[in-house]
Amino acid sequence: MPQTSQPYAIGRVRALSRTLITRPVLERLRAAEDVAQICRVLSECGWGEARTQAELDALADRQVADACALVREITPDPDVTDCFLLRYDVLNLKMLLKSRMLGQREVKLSPNGTLDPERLRHAVTEANYRDVPEEMRGALEQIEERIAVENDPLFVDARLDRLLFEMTDARVRRARPQECVRAYFAARADAANMMTALRLGRMGRGTELLAELFVPGGALRREELEPVVSDAQALVPLARARLEPEFAHTVERALESLTRAGSLALMEKRLDDYMLALLRPGRFDVLGVAPVVGYLLAREREAAAVRLLAAARAVNASPELLENTLRQTYA
């Protein structure tokens, strides 16, 4: 049952934030020569003991699961904090629907969402969504209608991604959270749509698919992004005209990196880092839930960084690859 005391919630996450991975610790992890050394550094940070990459991944999963459980327990505003957890529900639905299409009997689900994973498993197995929240029901029934005619994993992904942003946008409008939280979700929608337009251009696809993949909640309109599909540089004047100045500057610098490196990974990293920076000033707030959701994102970023560094060391990946993909941490 969520707590209703904001001071209690903020006090809990501030105490736990002392154990977050700081930039100096992240540099030690980056400098580690192998997975064993990464394990030793994390053991010193209180993560627990691990010896292999698989055990390290399990520790990372536990860090995120514990953070999600804590947020569900202490949140004074579930409408806002659920926006950060809904993606795990959507991830579970994607896995369940795709595994059913492929005839797979069992699939491991995430415990980190807002809904009981077994409740979702039963609903998808039976193709009966009477017991799922009404806000999800229409999209899931639409998916069932499509896959009854043709197994279409791309449509499943696209429709569930749009559902995630629809649910998030509705909650943000209803809850009216702190400006930094509102700006975060608007930027997340715009970033998703920009990356979609750029990927479609790379794939040589037309603008018709953009309508199916476009998500709500941002400042950019679908028709404004259509020229970007055929010309990535068209994003620069669009960003300058429609986005906040710092966001537009980030987009411009990211496009410069894209031109030099030829990979979308670095652009995606720059956009992700910009979004995290929107929430970072809220860590010291005494009103609102910014410190709570900031703590959650911090744990998710840490876990992603640890998995990436361990995988990179296991295959002796190049420093350039890490530079293009390793995100900033919150602490």
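Because the structure is a prediction, the values reported are computed rather than measured.
Between Leu86 and Arg171, some side-chain heavy-atom pair lies under the 4.5 Å cut-off. Contact check for Leu296 versus Val292: no side-chain heavy atoms found under the 4.5 Å cut-off. No side-chain heavy atom of Asn92 sits under 4.5 Å from any side-chain heavy atom of Leu115.
Considering all non-hydrogen atoms of both residues, Cys68 and Leu85 come closest at SG-CD2, 3.7 Å.
For Phe84 and Phe185, the ring centers sit closer than 6.0 Å to each other.
Side chain to side chain, Glu144 and Tyr129 meet the donor-acceptor criterion of an N or O pair below 3.5 Å. A donor and an acceptor atom, one from each side chain of Arg159 and Gln142, are located under 3.5 Å apart. Of the N and O atoms on the side chains of Thr114 and Asp82, not one donor lies less than 3.5 Å from an acceptor on the other residue. A donor and an acceptor atom, one from each side chain of Thr19 and Arg299, are located under 3.5 Å apart. Side-chain contact of Arg270 with Tyr274: a donor-acceptor pair under 3.5 Å is absent, judged by distance alone.
Look at Arg176 and Asp77 and you find no salt bridge, because none of the NZ, NE, NH1 or NH2 atoms lies under 4.0 Å from a carboxylate O.
When the shell of 6.0 Å around CZ of Arg205 is examined, it contains 12 or fewer heavy atoms from other residues, nucleotides or ligands. Residue-environment remark: CD (Glu226) exceeds the threshold of 12 foreign heavy atoms within 6.0 Å.
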